[in-house]
Enquirer: 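Can you keep this structure in mind? I'll have questions shortly.
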Amino acid sequence: MAFLLRGIGNKAWWDKSRDDFPWLGEDELIADVLKGLGTVDGALSTYVVNEDKTKVDRVVAALASGRTKIENFDYMLVPVDVVLKNFQSDNTNGETPDSEVNGWHMDIVHLTPAKLFQLAYVLRNHKESLSRMLKSEVKSALQTSKDKGYLDINKVSEKVKLELS
């Protein structure tokens with residue numbers, strides 16, 4: 001079974017408990033989770049990774065290479081079939097400095113506000129797939145991708161390039 005990888009902004013938004021926010025209902029999410037689910041034209045960008053998750057470091061490196069600095073990277077892995085049974089998808093090319101990773105890209109499409117809320121709850125139900133790659137691990141993954149020639153260095157953000165020098 002393959003997984004969809006989605007950067008989620010901040011892992012803490014998904015870890016909030018009712019103890020933190022007693023006003024939340026039993027099964028409610030704090031609205032902050034939607035910050036990490038930014039859509040463009042009703043589509044949410046994800047990347048397909050293999051069952052053994054060996055592609056995770058490379059996808060994270062590709063995504064982190066466009067950031068303004070190297071920092072922790074929070075993401076969620078959700079089984080592809082769980083998402084595809086409830087939502088439409090489109091295999092489009094990604095826009096990272098790693099052309100092979102770009103081929104692993106999949107948009108979740110035709111998202112309305114209601115569907116995005118529904119997707120947030122689907123993701124929450126797979127919260128065990130919530131992960132954080134620490135800054136040092138992100139830097140190591142970036143360095144590996146750079147050294148192996150996976151990244152088009154001309155497309156990597158200037159600040160990240162400086163941190164890798």
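As a basis for the values below, the full set of heavy atoms in this structure was taken, side chains included, without hydrogen atoms, waters or symmetry mates. Because the structure is a prediction, the values reported are computed rather than measured.
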Enquirer: Going by heavy atoms in the side chains, are Y121 and E28 under 4.5 Å from each other?
Expert: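 A side-chain contact under 4.5 Å exists here.
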Enquirer: Any side-chain heavy atom of L34 within less than 4.5 Å of one from F117?
Expert: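 Yes, their side chains come closer than 4.5 Å.
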Enquirer: Within the structure provided, determine whether I8 and L130 are in side-chain contact (heavy-atom separation under 4.5 Å).
Expert: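 I8 reaches L130 side chain to side chain.
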Enquirer: Got a second to check how far I70's CD1 is from Q143's CD, nearest 0.5 Å?
Expert: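 The CD atom of Q143 is 8.5 Å from CD1 of I70, to the nearest 0.5 Å.
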Enquirer: Looking at every non-hydrogen atom in both residues, tell me the closest pair between L24 and L29 and how far apart they are.
Expert: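 Closest pair (atom of L24, atom of L29, distance): CD2-O, 3.7 Å.
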Enquirer: In terms of ring plane angle, is the pair W23 and F21 parallel, tilted or perpendicular, where the classes change at 30° and 60°?
Expert: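 Perpendicular, since the angle between the ring planes exceeds 60°.
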Enquirer: List the atom pairs, donor and acceptor, that lie under 3.5 Å between side-chain atoms in residues 79-95 and the rest of the protein, sequence neighbours left out.
Expert:
from: N86; atom 1: ND2; to: V82; atom 2: O; distance (Å): 3.1
from: T92; atom 1: OG1; to: H105; atom 2: ND1; distance (Å): 3.0
from: T92; atom 1: OG1; to: D107; atom 2: OD2; distance (Å): 3.0

Enquirer: Can R6 and S45 be said to form a side chain to side chain contact (heavy atoms under 4.5 Å, CB included), step by step?
Expert: CA-CA 7 Å; R6 169 64 193 184; S45 178; 3.9 Å; yes
Enquirer: I'd like to know if the side chain of T144 and the backbone of S140 have a donor-acceptor N/O pair within less than 3.5 Å.
Expert: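 Such a contact is found between T144 side chain and S140 backbone.
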Enquirer: Using atom types as modelled and distance alone, determine if a side-chain donor or acceptor of S129 lies under 3.5 Å from a backbone N or O of V78.
Expert: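 No, S129 side chain to V78 backbone: no donor-acceptor pair under 3.5 Å.
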Enquirer: Quick one: salt bridge (charged side-chain N to carboxylate O under 4.0 Å, His left out) pairs with a partner in residues 132-145, sequence neighbours left out?
Expert: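 Residue pairs with at least one partner in residues 132-145: D74-R132.
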Enquirer: Is Y47 reachable from V109 through a run of hydrophobic residues whose side-chain heavy atoms are each under 4.5 Å from the next?
Expert: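 No, V109 does not connect to Y47 through the hydrophobic network.
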Enquirer: Might you point out which heavy atoms bring V48 and A2 nearest each other, and give the distance in Å?
Expert: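 Looks like CG1-CB, 3.9 Å.
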Enquirer: Side-chain atoms of residues 54-63: list all donor-acceptor pairs with protein atoms under 3.5 Å, sequence neighbours left out, distances to 0.1 Å.
Expert:
from: T54; atom 1: OG1; to: N50; atom 2: ND2; distance (Å): 2.7
from: T54; atom 1: OG1; to: D52; atom 2: OD1; distance (Å): 3.0
from: R58; atom 1: NE; to: D98; atom 2: OD2; distance (Å): 2.7
from: R58; atom 1: NH1; to: E100; atom 2: OE1; distance (Å): 3.3
from: R58; atom 1: NH2; to: D98; atom 2: OD1; distance (Å): 3.1
from: R58; atom 1: NH2; to: D98; atom 2: OD2; distance (Å): 3.4
from: R58; atom 1: NH2; to: E100; atom 2: OE1; distance (Å): 3.2

Enquirer: Who are the side chain to side chain contact (heavy atoms under 4.5 Å, CB included) partners of T68, not counting sequence neighbours?
Expert: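 Not a single residue meets the side chain to side chain contact (heavy atoms under 4.5 Å, CB included) criterion with T68.
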Enquirer: Would you list the pairs meeting salt bridge (charged side-chain N to carboxylate O under 4.0 Å, His left out) in which at least one residue belongs to residues 35-45, sequence neighbours left out?
Expert: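 Passing the test, one end in residues 35-45: D32-K35.
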Enquirer: Apply salt bridge (Lys or Arg N to Asp or Glu O under 4.0 Å) to E163 and list each qualifying residue two or more places apart in sequence or on a separate chain.
Expert: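 Here no residue qualifies.
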Enquirer: Hey, does I153 have a side-chain heavy atom less than 4.5 Å from the side chain of K146?
Expert: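 Yes; the side chains approach each other to less than 4.5 Å.
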Enquirer: Salt bridge (Lys or Arg N to Asp or Glu O under 4.0 Å) with E158: which residues, sequence neighbours excluded?
Expert: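 K161.
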Enquirer: With ring-ring contact (aromatic ring centres under 6.0 Å, His included) as the rule and sequence neighbours excluded, what pairs involving residues 143-165 come up?
Expert: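 Listed by first then second residue: nothing to list.
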Enquirer: How far does OG1 of T96 sit from CG of N102, to the nearest 0.5 angstrom?
Expert: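 The OG1 atom of T96 sits 3.5 Å away from the CG atom of N102.
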Enquirer: Hey, does L4 have a side-chain heavy atom less than 4.5 Å from the side chain of I108?
Expert: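 When only atoms from C-beta onward are counted, L4 and I108 do touch, with a gap below 4.5 Å.
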Enquirer: If I take atom CG from residue L111 and atom CD from residue Q118, how far apart are they, to the nearest 0.5 angstrom?
Expert: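 Taking CG in L111 and CD in Q118, the distance rounds to 9.5 Å.
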Enquirer: Heavy atoms, side chains only, cut-off 4.5 Å: are V33 and R124 in contact?
Expert: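 Sidechains of R124 and V33: no contact.
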Enquirer: Which residues pass the side-chain hydrogen bond (donor to acceptor under 3.5 Å, both in side chains) test with S145, sequence neighbours left out?
Expert: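 None.
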Enquirer: Quick check against the 3.5 Å criterion: does R67 have a side-chain atom that pairs as donor or acceptor with the backbone of S157?
Expert: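 Not confirmed, R67 side chain does not pair with S157 backbone.
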Enquirer: Do you reckon M1 sits in the same ILVMFWY cluster as W104, going by side-chain contacts under 4.5 Å, direct or chained?
Expert: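 Per the 4.5 Å side-chain linkage, M1 and W104 are co-clustered.
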